[in-house]
Structure formats: structure tokens, C-alpha cells
Undergrad: 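Submitted below is the structure of interest, expressed as C-alpha cells.
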Number of protein chains: 2
Amino acid sequence: MDQDLMTIREMCEAFDVTPRTLRFYEAKELISPFREGQKRLYSRRDRGRLKLILRGKRFGFALEEMRQLLNLYDRGDQKGEQLKRTIEAARERLAQMEQQRDELTEAIDELRAQLESGAEMLAAFRPAAE
Amino acid sequence: MDQDLMTIREMCEAFDVTPRTLRFYEAKELISPFREGQKRLYSRRDRGRLKLILRGKRFGFALEEMRQLLNLYDRGDQKGEQLKRTIEAARERLAQMEQQRDELTEAIDELRAQLESGAEMLAAFRPAAE
DNA sequence: GTCTCGACTTACGTTAACGTCAAGTTTTCT
DNA sequence: AGAAAACTTGACGTTAACGTAAGTCGAGAC
């Protein structure tokens, strides 16, 4: 790792993503590496952002949402309103995730019930008979 | 409801789906209503299948999966192998759903932790600093 | 000089489950 | 009969996050 700049290949290995992904994120303005001639060079800042993006993905944030959050952050306002918005967004996402989980849990229970009632599973998959 | 046959509109109201959806399912060979001239007429059997399809969707089955399950069922073999396969498919789906839920639960806990640690939320969204 | 390697750009392909016209036909109402 | 309703069949549009192929280019290796 030269003076803290990395090539696209190094980035891919470090974060386990494909070059396509990095270029895609760049096209979506989530990251903006330097150029040395044609080649992309990723700075520490880029790595920080990518890390956040990937973390956001684990939380189920869409790329567009992450872009907005990162931009909010960048605009400074470190100690004020913007931060609240970030937290607010996270809170909303959390609520969504919980609801999603609850719905899933319901479906699981239903399906499990069908299965546990043994032959009654058939009933679940039997078109109404005469 | 004439002699147990329903028009597309009646079906839509009964099951709360759009005509497009019914035609789409037909194109995908999930349902096959009769024709009276041009018009589709849905029988009891069609309604049964549609009901199963919608139920399957709640369980997270893809339409293609439901088509296969329905076909398996139709092939008769009521008391034999085919049924086991249906149950098998359901069991697999259940496992998938549980895993999905667990992953979601993990992400929720992580995110909640970030939020609960108050200002540390910032850390989560802060690019690595000097 | 030429080969090869990695990186680059451009742009179409993928998947699911329909939505949304557009345009034609048929049925129903008046 | 004539218009409005309801039905029909295409067929393209949508969304997300990349995959994949095609063709180009500069830098070393030989």
C-alpha cells in the first residue's frame, strides 16, 4: 500500500467486491477515487466510505440512501441537525426491518403449523375438491 | 356467481388482484380458465389454484415454484412420492425463511446497538479519521 | 516490434412480478 | 343503431445492483 493509495485490484481484495462494483458505486457518486492517467486510485477516505456503504448494505440500506447519508455527513454540520437526520433515517430503517421480520415470523409460524399437522399439509396444497 | 363460473372481474374482486395479474398467471401456466368466445371464465378449480398461489406467495414461494408444486399435485399420485416432494419443498422453504429471519435479526441487533450507544452512531457513519 | 496484462469505457443483459399504455373486439345499455 | 363498458392481446416500462461482453489503451516483458 503505497502512500495509502490503493489500486482497484487491491480494493477488490481488501473488501471482497468486484471491479464492476467499485465502478458502479463511482457512477452512482458514492465514491470518487483520484485518477492517475486512466487508472483509479483509492484514498483512505474512499475506503472509509466504501466500508460504510457495505455496512449500510448489511443493514438493508439501498445505495441511494447511503449516498444521501454520506453526503449529509460530508456537508459538515457535525454537531447539529444533519446528524439527527442520519440517526432518524437509521431509526426508520430499524422499524422497517422489525416489521419485515415480524411478517416473516408470522409466515414461518403458519407454514410450520401446516407442516406439523402432517397430512394436513395436503389440505394446504389441495385445490378445493367437490 | 353463475353455475360456479366467474368472470375476470369477479375474480379480481374476490381475490383482490388485478386483471393483469390473472392474465400473467395464465401466461405462466399457473391457471387455465375456460373461454367463452374471447372471455375467460374461471371455474372452482381455478379459484382453488389461485388461492393456493396466493397462499404460497405469503410463504415466499416464487410463482415458478408454485407452478411446479401445483403440477406435482395435479399429476395425481395423491398418496405417494409426489406428496413427499411437496412437503419437502415446503420444509426447504421454511429453512430458508428461518435463515433469512435470523440474518435480519442479527442486522437489527447490530443497528439497534449503534443507535442505543447514542453519539456512537456517528462513529458508525464516520469515515475513518486521522 | 509485438505480446500480454490489467485497467478502462460503453452498453446491453439479468430477474420478478406485474404496471401501463395502445389498439382492437365484443357485449351491454339506452 | 350507436355509444359506452368490459374484454381482449401485444408489447414496452419499471426497479436494484451489478454481470458480462466487446473493443481500446498504455506499460512492461521478451
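No experiment lies behind these values; they were computed from the predicted model shown. All values below were derived from every heavy atom in this structure, side-chain atoms included, with hydrogens, water molecules and symmetry-related copies excluded. Each chain gets a letter, A, B and so on, in the order its sequence line appears, and its residues count up from 1.
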Undergrad: Taking only the side-chain heavy atoms of Ile8(A) (C-beta and beyond), determine which of dG19(C), dA7(C), dC7(D) contains the nearest atom.
TA: dA7(C)
Undergrad: Examine the side chains of Asp102(A) and Thr105(A) and answer whether a donor and an acceptor come within less than 3.5 Å of each other.
TA: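 No - no donor-acceptor pair under 3.5 Å links their side chains.
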Undergrad: How many Å lie between CG on Leu41(A) and P on dA7(C), as a whole number?
TA: 11 Å
Undergrad: Within this structure, what is the OH-to-C1' distance between Tyr42(B) and dC7(D), rounded to whole angstrom?
TA: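 From Tyr42(B) OH to dC7(D) C1': 11 Å.
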Undergrad: Show the numbers, then the answer: is there a salt bridge (charged side-chain N to carboxylate O under 4.0 Å, His left out) between Arg67(A) and Glu64(A)?
TA: CA-CA 5 Å; Arg67(A) 192 182 64 79; Glu64(A) 173 57 20; 2.9 Å; yes
Undergrad: Looking at the side chain of Lys39(B), which of dC8(C), dC18(C), dC7(D) is the nearest nucleotide?
TA: dC7(D)
Undergrad: Using the 3.5 Å cut-off, write out each protein N or O paired with an N or O of nucleotides 20-24 of chain C and the distance between them.
TA:
from	atom 1	to	atom 2	distance (Å)
dT20(C)	O4	Arg20(B)	NE	3.1

Undergrad: Reckon Arg35(B) has a side-chain N or O less than 4.0 Å from the OP1 or OP2 of dT9(D)?
TA: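 Looking at the OP1 and OP2 atoms of dT9(D), one of them is under 4.0 Å from a side-chain N or O of Arg35(B).
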Undergrad: For Glu106(B), does its backbone N or O pair with a side-chain atom of Asp109(B) as donor and acceptor, under 3.5 Å?
TA: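 Checked: no pair found.
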Undergrad: So if I take every side-chain heavy atom of Phe24(B) and compare against dG19(D), dT8(D), dC18(C), which nucleotide ends up nearest?
TA: dC18(C)
Undergrad: In whole angstrom, give the distance that lies between atom CZ of Arg23(B) and atom C1' of dT8(D).
TA: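 Atom-to-atom, Arg23(B) to dT8(D), this comes out as 6 Å.
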Undergrad: Does Arg112(B) use its side chain to pair, donor to acceptor, with the backbone of Leu94(A) at less than 3.5 Å?
TA: no
Undergrad: Between the main-chain N or O of Leu30(B) and the side-chain N or O of Arg49(B), is there a donor-acceptor pair closer than 3.5 Å?
TA: yes
Undergrad: Could you check how far CE of Met6(B) sits from P of dC7(D), rounded to whole Å?
TA: 12 Å
Undergrad: Between Gln100(B) and Gln96(B), is there a side-chain donor-acceptor contact under 3.5 Å, judged purely by atom types and distance?
TA: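 No, no side-chain donor-acceptor pair sits under 3.5 Å.
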Undergrad: Taking atom C1' of dA6(D) as reference, at what distance in whole Å does atom CD of Glu10(B) sit?
TA: 12 Å
Undergrad: For Arg40(B) and Arg23(B), which heavy atoms make the closest approach, and how far apart are they?
TA: NH1-NE, 3.7 Å
Undergrad: So, is Tyr25(B) close to the dA17(C) phosphate, meaning a side-chain N or O under 4.0 Å from OP1 or OP2?
TA: no
Undergrad: Quick one: Met11(A) CE to dG6(C) C1', roughly how many Å, whole number?
TA: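 Going from CE in Met11(A) over to C1' in dG6(C) covers 17 Å.
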Undergrad: Take atom CG in Asp16(B); do more than 12 heavy atoms of anything else shown fall under 6.0 Å from it?
TA: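 No, CG of Asp16(B) has 12 or fewer neighbouring heavy atoms, counting only those of other groups under 6.0 Å.
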Undergrad: Considering only dG19(D), dC7(D), dA17(C), which nucleotide approaches the side chain of Thr21(A) most closely?
TA: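 Of all the options, the side chain of Thr21(A) is nearest to dG19(D).
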Undergrad: Before giving the answer on salt bridge (charged side-chain N to carboxylate O under 4.0 Å, His left out), spell out for Glu10(B) and Arg47(B) the whole-Å C-alpha distance, their side-chain angles and the decisive distance to 0.1 Å.
TA: CA-CA 11 Å; Glu10(B) 292 170 329; Arg47(B) 289 197 291 281; over 6 Å; no
Undergrad: Using heavy atoms to find the nearest nucleotide of DNA chain D for Gln38(A) and Thr18(A) separately, return the residue whose nucleotide is more 5′.
TA: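 It is Thr18(A) whose nearest nucleotide is closer to the 5' end.
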Undergrad: Answer yes or no: does a side-chain N or O of Arg40(B) lie under 4.0 Å from OP1 or OP2 of dC7(D)?
TA: no
Undergrad: Heavy-atom contacts under 4.0 Å between residues 96-108 of chain B and DNA chain C, which residues?
TA: none
Undergrad: If you check every side-chain atom of Arg9(A), which of dT9(D), dA7(C), dA17(C) has the closest atom?
TA: dA7(C)
Undergrad: Whole Å only: how far is the CE atom of Met66(B) from the P atom of dC18(C)?
TA: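 After rounding, the reported distance stands at 13 Å.
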Undergrad: Roughly, in whole Å, what's the span from CG in Leu30(A) to C1' in dA16(D)?
TA: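 Distance check: Leu30(A) CG to dA16(D) C1' gives 13 Å.
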Undergrad: As a test of reading the structure: which of dC18(D), dC8(C), dC7(D) is closest to the side chain of Lys57(A), going by heavy atoms?
TA: dC18(D)
Undergrad: Can you establish whether the number of heavy atoms outside Glu110(A) located under 6.0 Å from its atom CD is more than 12?
TA: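 Yes, CD of Glu110(A) has more than 12 neighbouring heavy atoms, counting only those of other groups under 6.0 Å.
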